[in-house]
Amino acid sequence: MDFVRRGTVDWALVLSRAAIVLILAMIFAPIVQVMYEPMTRFWEQLQVVAALPNIGRTIVNTFVLAGGTLVLALTFGTFFGWSTGQLSPRYARIASILTTSSLFVPPIAGVIGWIFLFSPRIGYANVILRATPFFDGKSGPVDIRSLSGIIVIDTIYLIPFVFLFVSTALRAVDPALESAAMVSGSSWIGAQFRIVLRIIRPAIIYGAVIVMLLGLGQFTVPLVLGSNHGINVITTEIFNQLEVRSIPQEATAAFLALPLILAGFALVFLQRMAVGDVNRFSVASKGVGGQRQPRNYLIIPIIIYAFIAVVPAVTALLIVALSPYWSATIMVDRFSLDSFVEIWQNSTIRTSILNSIQLSAIGVVAALVGSFVVARYMLSAPSGRFSAFVDYTINLPLTIPHVVLGLGIFLIFAVGQFGLYGSGWLFVIAYFVLYLPHGVRMIQSGLVQMGPSHEAAARVCGAGRLRTVVWIILPMLRRSVASAGLLMFVLMSREFSASSLLRTPSNQVMSTRLFDSYNNGTFTDTAAIAIVMISVSLIGVSLITILGGRTTGEAS
Amino acid sequence: MRLAAPGSSGTIGVGVENLSITYQRGRKEILALDRISVEVRQGELLVLLGPSGCGKSTLLNAVAGLLKPDEGRITIAGREVFGSKGLINVPPNGRNLGMIFQAYSLWPHMTARENVAFPLKRRGFAQRDLLPTVNAALDLVRCGPLADQYPGQLSGGQQQRVALARAIVAEPAVLLFDEPLSNLDANLRRQLRDEIAGLHNRLEFSGIYVTHDQAEALSLGTSVAVMTTARIEQIGTPQEVHNSPVSEYVAWFLGANVFDATVDSRGTVDTPFGALSSEKTIAKGPARVAIYPERLRIEPAKAGTATITLVQYKGTAVEYSVQAGNASVNVVTITSEEPLAIGDRVNVSALSRDVLVFADRGNDTTTAAVGEPGQTNGRSVGP
């Protein structure tokens, strides 16, 4: 590397390389810490974990949850992605927005909305169902606080991920390949199965691996729906070891996290094996094929999904937030904004909301700078082992459950020599590590689209490295930077899994305060905080949609 | 392998009657085909020639069943596949077709052999019965040794050969070609064009071939249909279309120079290049003249009527741009002598049978098509 040119030190280059090393350390340290902790006393911890009550059930639940969501989300996500490819361009844009609309609703808020709907005795939907001739009794027919309830709700939140992989891959498939199959004697349906779905198989496998990983690491939904009712998965057991036990059992929690980290490594490896030689499947197509006859009726299932994913839960939250208390009857005449006034007057809730906004803003600035430095490095670096290593490391937070990374950050920065216990900086560090991959990906695609020629032109015209970045690259990238910043803000401000381990009673963010509020049984406050969270998300996501159109979906 | 049934020549391979298609583009309705009728006899290769957007690919896709027309009738090998006001609409897989696409469109997840075997499998052949046929088809396009390669491992020319094998392997009633050579470089295009012509001679298939390249159209077609927006301007043998174009548009699209002239009462054609005589007689008055660049002659002369403005050396031939007044023509000469230079004065002449004269209808179709209103500009190749 040429740090020194013409005898002067290139400080910009030195600084950016130092920043990359620091970023790698920040990602690696928590993971290594979580893996190191159980290794020191492996057999002892193994016995402790084996003796945990219901540990066998917890492991089975984890796999049932991951497997169930995998099958369901893969089926629906692939179907919706494929359907979108059959629509006319205008309908396809609408379908994309609809399918990803469940991302507007933060899971921690949404899942509580579902409880308001399907709580056995006074859930609104259950009350309505009991009023029909098909059901009677004082409770049920649906109990959302069950393993199948957890699977269904998790599926709703995972469908968009599969959808994004499949629809992006489908866009690259030349419609003429389908036409060729049809004139060769295949029916339309036959062409879909024999040709189209086979060609996008790598994308489907990739989506499956991501959903499997997300399913294994699911935390929010099982915690809220299952934990209080004795239904645990590995992630919620980690939470229990740190938060519920009177003395936090860090080593046990780390031991439980170990298989999740290893599963992440293994699945990414298996995925690369399964997809095999990717180049074999890519043909240089100049994209001049025919056009498909649009089948716009295929948008109907997508509309139904989007409705189910968003409307009932948000409506239930709104009703509870406006009511004086949560009961089986909806008291429209007693609707008021009292609970919103109440959460604003409650200093701990108000502080948590302001905390979320402030810490997310700091996190966004840090992550944007980090993303830019890494993205520039990835594009300029020679394709060697080190750059492959950087690429792999930056994307590690995508394959490891947030609750595990939260545990690692807690172990290193809260209780270790940094001693940040109770500090807001813990959240900033977590947000930075968790969402850096999203930022890098968006900024990198912005840089790729821009191409190297503008930078070269500026350098040839006599601008130095720093001047080129400030006057040429950043202004040209402003859309990507704004979209990336907003997306990361939305994701950070709703983050719950890692935050739940980092918060202290006096140092909370919006999502953790929402969870406490729910556990304390102050449901109207809970609903009001949830509505505030959803509003923040909605504003952010709408701004991104206005700004960048399609880039939103591809990055989340 | 033989695609034509013996003794079946003269019967209709593809029949298209009064076919219309409109597109919805935004709020606007665009007429892509305007009551088109055309016939392809058994063993005939009909070339649809026209600029992009004229509807030639739309017509091909309608025959394939990939697009549903608004009205009209389509028959393939005597069977109605679209008609009765849309009540009959056989899907593509029921039409017994072979099709070759511009971007090759081989399925990337199947080997060359699997690609070629696909149409046979869909027609119910057992795995062991179809192998000899598949290998024969691959050998026919000289791709036998590439059978186990994936499309991503083949060059463009090889991919298009395999696509050709895939199209002919099931001996379909009709072969459809959708600009199959336009993604290939010049040498390969020439080579593959010869191979398609050779295959047509040997297999005597009926086919429709879409292209915007006039050289390809004239050398491949047993008949050529020149299309303008949504309709067919002229249909005939390559010689008829080339030597007796029905309009200045057809002549211009096939490469002729087109410029203004006046016909006097004795039938002499007065042009900026001097007086010419034509075998074609039209009424006196303003007219448009079309002459192919290869059929114009130039003679150096001190007091010549025209000036050379551009010289392009093309190896065996030299192409000149020659200007007189505000008219400019291209002239191709084959000569081993030292070429003339820019600024040289010349006289321009042509045989009377090569001077094609059309009544001036006021609307300049040739220049309107390339968006140069008010400027006469001969060109040797289509747009």
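First the proteins, then the strands, lettered A, B, ... as listed; each starts at 1. Atoms considered below: every heavy atom in the structure, side chains included; atoms not considered: hydrogens, waters and symmetry mates. Nothing here was measured: the structure is a model prediction, and the numbers come from that model.
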Spacing of [X] atom [atom1] and [Y] atom [atom2] [to the nearest 0.5 Å]:
X        : Y        : atom1 : atom2 : answer
B/Asp178 : A/Ser179 : CG    : OG    : 9.5 Å
B/Met110 : A/Ile199 : CE    : CD1   : 8.0 Å
A/Ser184 : B/Arg122 : OG    : CZ    : 9.5 Å

Legend entry - Side chain, backbone, both or neither of A/Ala191 within contact of chain B (heavy atoms, under 4.5 Å):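 Neither part, no heavy atoms under 4.5 Å.
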Inset, instruction - Go through the atoms of A/Arg90 and report whether side chain, backbone, both or neither lie under 4.5 Å from a heavy atom of chain B. - result: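 For A/Arg90, there is no contact with chain B at all, as no heavy atom is under 4.5 Å.
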Legend entry - A/Arg198 vs B/Trp107 side-chain heavy atoms within contact, under 4.5 Å: no
Inset, instruction - Kindly indicate whether the side chain of A/Ile195, heavy atoms from C-beta on, has any atom under 4.5 Å from the side chain of B/Phe118. - result: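 Side-chain contact under 4.5 Å: yes.
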For [X], look at atom [atom1] and say whether over 12 heavy atoms of other residues, nucleotides or ligands are found less than 6.0 Å away.
X        : atom1 : value
B/Asp148 : CG    : yes
A/Tyr91  : OH    : no
A/Phe265 : CZ    : yes

Could you report the tightest heavy-atom contact between [X] and [Y], atom names first, then the distance?
X        : Y        : value
B/Arg123 : A/Val183 : NH2-O, 4.4 Å
B/Asn93  : A/Ser187 : ND2-CA, 3.3 Å
B/Ser105 : A/Ala176 : OG-CB, 3.1 Å
B/Leu106 : A/Leu177 : O-CD2, 3.2 Å

Legend entry - Side chain / backbone / both / neither for B/Arg95 at chain A, heavy atoms under 4.5 Å: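 Answer is neither: B/Arg95 stays 4.5 Å or more from chain A.
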